[in-house]
Amino acid sequence: MVTDTYSQVRVRFAPSPTGFPHVGNIRTALFNWLFARRYGGIFILRIEDTDTARSVEGAVESIQDGLRWLGLDWDEGPVFQSERLQLYRDGAEALVRSGRAYHCFCSPERLQAVREEQTRNHLPPRYDGHCRELSAAEVERRLAAGETAVVRFKTPLSGETGVRDLIRGEVVFSNANLNDYVLMKSDGYPTYHLANVVDDHDMGITHVMRADEWISSTPLHVMLYDSFGWEPPQFAHLPMILGPDKAKLSKRHGATTISEYRDQGYLPEAMVNFLALLGWSLDDKTDLLSREELVANFSLERIGKTAAVFNKPKLDWMNGVYIRALSPGEFARRALPYLERDLPADIGRPLNIDYVASVARLVQERAKKLDELADLCEFFFRNELSYPCEDLLVKGMEAALAREILNRVSLVVPTEQDWSAVSLEEAVRPLSDDMGVSTKQLFGTLRVAMTGRTAAPPLFETMEVLGRERCMSRLAHAVQLVERQHPELASGTGT
RNA sequence: GCCCUCAUCGUCUAGAGGCCUAGGACGCCAGCCUUUCAAGCUGGAGAUCAGGGGUUCGAAUCCCCUUGGGGGCACCA
């Protein structure tokens, strides 16, 4: 049984609170979560807040909100690295003691100058090893004198470091191309590399699943595990998610922050399904998978290697599929907050949930996103409709005919007690033959009078929901509109 | 500039030597349904598998080169 090979699975999602999570981050979280759930493992949330300068207010909350929204529950955490500083300091110290790391006193200015020189000479920008061989005595003296220092990893000058990646296979880096990376910053905080490795080991992480952009720093991590004498976890570098221009996802691609998708009315289950398919696939024909099916089938073997462009039209389609699959009651429940938010302010609040439910039924299969709802059904909530008179004149009909249609309809329409879509249709449809008018024209004119638009939900069901009183007043209003626009009708030719 | 990496329809992808005259999905186009819009159904266009060399009886699938894309090269993660 597969479960046995992975019985100890412990994975983590480790974002840094330097901004709000975007779909790329969340996709990484999702894969980790799916992997944990698939093999009965533990999913941990760890906040990598070691950059005091770049940390953003509210970021931690928005990360948690995003995960909760999508139902990606974590078993441990959030663990904050800022609360574990001693652990990293001890680690750095141990490395210095064992000669795998050293103190560096170079000023930012000097480093800058070195880098510029290297760039000028078309050399890769790297630390030049200025402090690499300082004597222990000198280091001690300068430290005692209060000089600020960082701790750098003493990367071997020769040899190679191999990274075994579950998705990429073996990736080899030659040490000469690697840098003497900073492990501890002068402010006493660890860099990502140190904190990440120390924590992954300390927390017993078995699989590191992260975006592909990290692979080039993985040899350092491998060397760190080795220097500490620790067994490294398994690595799986996930293909990146790109914007439509095939560049790394960023703000300029528009909506990328996960909360924006919620605000626009994407369903979490659709989002999960869609994101899962960015870099992973089940087979050659399945693209609709429930959360349970995803969990049951997820596997590292079926993660691809190629970066994926975030393809919004497909997300929209998929969201529509999920919207239509909702029970009417559930749809109404989910639609309500969006209508409360998006309907014009002059429409009274709170909205009546029963009325919303009857309206929602009619627009459910017409929306791809919940934020389209207000526009789709605003006319259900208004008293006064406003639309151009010409819209009543379907297919170039005479104003007189439009007026006649409107008047005749108001005469045949059923009573309050009998007000239903079925009886409405029974009463109105015969008018088509009686008047020698096509149903297209008859219903078209009526539709505009009832909804103020040329495209709307089914006419009679709409009228049923609107109710007799509202329909009668809309008919009257439409007649008025025609007569006002066409004074020539005034001479009493009305029916 | 240096290092790593990827490469199948516009996009997401299936494909792990013969099942491929390359399959599915989105999008697009057409038709059907129909009182409009959707939804649904049916059909269609769309990839000489980046290009070039090999290996093999046989390659989208293996190897090499080229080209193109992406990522990385901070006291940021």
Side-chain angles (χ1 to χ4, degrees), chain A residues 14-19 48-51 53-54 104 106-108 111-112 115 118-127 148-152 163 168 171-174 176-179 181-187 189-193 195-196 211-219 237 239-240 242 244 246-248 274 277-288 301-302 304-318 320-321 324 363-368 376 394 425 428-429 432 438-448 451 453-460:
Chain A
S16 67
T18 52
E48 310 222 322
D49 54 347
T50 55
D51 187 344
R54 289 205 314 153
C104 167
C106 293
S107 67
L111 295 176
Q112 171 87 19
R115 249 190 311 268
Q118 287 164 333
T119 314
R120 204 169 16 241
N121 296 326
H122 301 293
L123 291 168
R126 272 197 282 274
Y127 181 61
T148 62
V150 302
V151 174
R152 287 181 184 275
V163 173
R168 314 266 152 198
V171 182
V172 179
F173 296 80
S174 67
N177 287 322
L178 271 22
N179 208 349
Y181 304 92
V182 170
L183 263 23
M184 285 295 288
K185 299 179 266 188
S186 57
D187 64 359
Y189 277 72
T191 58
Y192 166 83
H193 308 291
N196 192 264
D212 202 32
E213 55 187 321
W214 291 107
I215 197 150
S216 47
S217 49
T218 309
H237 286 91
M240 308 261 300
L242 276 20
K246 290 179 182 286
K248 192 173 165 179
F274 180 75
L277 258 20
L278 246 34
W280 177 88
S281 64
L282 175 64
D283 56 28
D284 60 338
K285 48 181 60 88
T286 311
D287 42 23
L288 258 18
E301 296 74 52
R302 293 202 62 85
K305 297 178 175 180
T306 50
V309 172
F310 191 90
N311 173 211
K312 196 128 164 296
K314 186 160 183 173
L315 203 214
D316 288 349
W317 162 77
M318 192 173 280
V321 170
R324 276 173 252 129
V363 293
Q364 181 166 4
E365 70 176 23
R366 291 173 172 72
K368 283 188 161 36
L376 239 34
V394 177
E425 179 159 7
V428 175
R429 188 178 282 277
S432 166
S438 71
T439 50
K440 248 183 179 51
Q441 288 187 305
L442 172 63
F443 296 157
T445 297
L446 195 47
R447 172 175 306 106
V448 172
T451 69
R453 15 184 107 193
T454 52
L459 180 56
F460 299 111

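All values reported here derive from a predicted model rather than from experimental measurement. A, B, ... follow the sequence lines: proteins, then strands. Residue 1 opens every chain.
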Rounded distance (nearest 0.5 Å) linking atom CZ of A:Arg324 with atom CZ of A:Arg366: 11.0 Å
Residues which pass side-chain contact (heavy atoms from CB on, under 4.5 Å) with A:Pro244, listed by chain and number, not counting sequence neighbours: A:His253
Interatomic distance at C1', B:G24 relative to B:G46, whole Å: 14 Å
Inter-residue atom distance A:His193.NE2 - A:Leu183.CG, 0.5 Å rounding: 8.5 Å
Contact nearer the 5' end of RNA chain B, comparing A:Glu425 with A:Leu123: A:Leu123
Any strand: nucleotide that pairs with B:C2 via Watson-Crick or wobble, under 3.5 Å: B:G72
Pairwise C1' distance for B:C26 and B:G71, with rounding to whole Å: 27 Å
Watson-Crick/G-U partner (both atom distances under 3.5 Å) of B:C9: none
Assigned partner base of B:C41, Watson-Crick or wobble definition, under 3.5 Å: B:G31
Length of the NZ-C1' vector between A:Lys305 and B:U61, whole Å: 12 Å
Between P of B:G24 and CE of A:Met318, the distance in whole Å: 17 Å
For A:Ala308 against A:Leu278, the heavy-atom pair lying closest together: CB-CG, 4.2 Å
Whole-angstrom distance between B:G52 and B:C33, as gauged at atom P: 48 Å
Any residue meeting side-chain hydrogen bond (donor to acceptor under 3.5 Å, both in side chains) with A:Ser174, in chain and number order, not counting sequence neighbours: A:Asn177
Touch class at under 4.0 angstrom, heavy-atom based, for A:Leu178 against every strand present: nothing
Sugar-phosphate only, base, or nothing, as touched by A:Val363 at under 4.0 Å among non-hydrogen atoms: nothing
Sugar-phosphate, base or nothing in reach of A:Tyr189, heavy atoms under 4.0 Å: nothing
Pairing partner of B:A50 (Watson-Crick or G-U wobble, both distances under 3.5 Å): B:U66
A:Asp287 side chain reached by A:Lys314 side chain, heavy atoms, under 4.5 Å: yes
CG on A:Leu376 to CD on A:Gln364, rounded to 0.5 Å: 12.0 Å
Closest approach of A:Gln118 to A:Pro125 (non-hydrogen atoms, all atoms of both residues): OE1-CA, 3.4 Å
Contact summary for A:Tyr127 and A:Cys104, nearest pair of heavy atoms: OH-SG, 3.3 Å
B:U61: pairing nucleotide in any strand, Watson-Crick or G-U under 3.5 angstrom: none
Reading 5' to 3' through nucleotides 37-44 of chain B, protein heavy-atom contacts under 4.0 Å coded B for base, S for sugar-phosphate only, - for none: BBSS----
Counterpart residues, ring-ring contact (aromatic ring centres under 6.0 Å, His included), relative to A:Trp214 (two or more places apart): A:Tyr192
Nearest-Å distance once atom P is located in both B:A60 and B:U67: 24 Å
Euclidean distance for P, B:U55 against B:G70 (whole angstrom): 34 Å
Under 4.0 Å protein heavy-atom contacts per nucleotide of nucleotides 69-77 of chain B, with B for base, S for backbone only and - for none: -SSSSSBBB
Pairing partner (Watson-Crick or G-U wobble, both distances under 3.5 angstrom) of B:C19: none
A:Thr286 side, atom OG1; A:Leu277 side, atom CG - distance, nearest 0.5 Å: 9.0 Å
Atom pair distance, as rounded to whole Å: CZ in A:Arg168 and C1' in B:C4: 10 Å
Distance, P atom - from B:G27 to B:C64, rounded to whole angstrom: 40 Å
OH-CE distance between A:Tyr189 and A:Met184, expressed to the nearest 0.5 angstrom: 10.5 Å
Touch class at under 4.0 angstrom, heavy-atom based, for A:Gly279 against every strand present: sugar-phosphate
Touch class at under 4.0 angstrom, heavy-atom based, for A:Arg302 against every strand present: sugar-phosphate
Between B:A25 and B:C3 - C1' atom distance, rounded Å: 37 Å
Provide a list of protein-nucleic acid N or O atom pairs under 3.5 angstrom, restricted to nucleotides 18-23 of chain B.
residue : atom : partner  : partner atom : Å
B:G23   : N2   : A:Asp284 : O            : 3.1

P-based separation of B:A59 from B:G40 [nearest Å]: 42 Å
Residue-phosphate contact under 4.0 Å: A:Lys312 side-chain N/O, B:U11 OP1/OP2: no
Length of the line joining A:Leu282:CG and B:C12:P, which is rounded to integer Å: 19 Å
Criterion ring pair (Phe, Tyr, Trp, His ring centres under 6.0 Å) against A:Phe274, the qualifying member of A:Phe310, A:Trp280, A:Trp317: A:Phe310
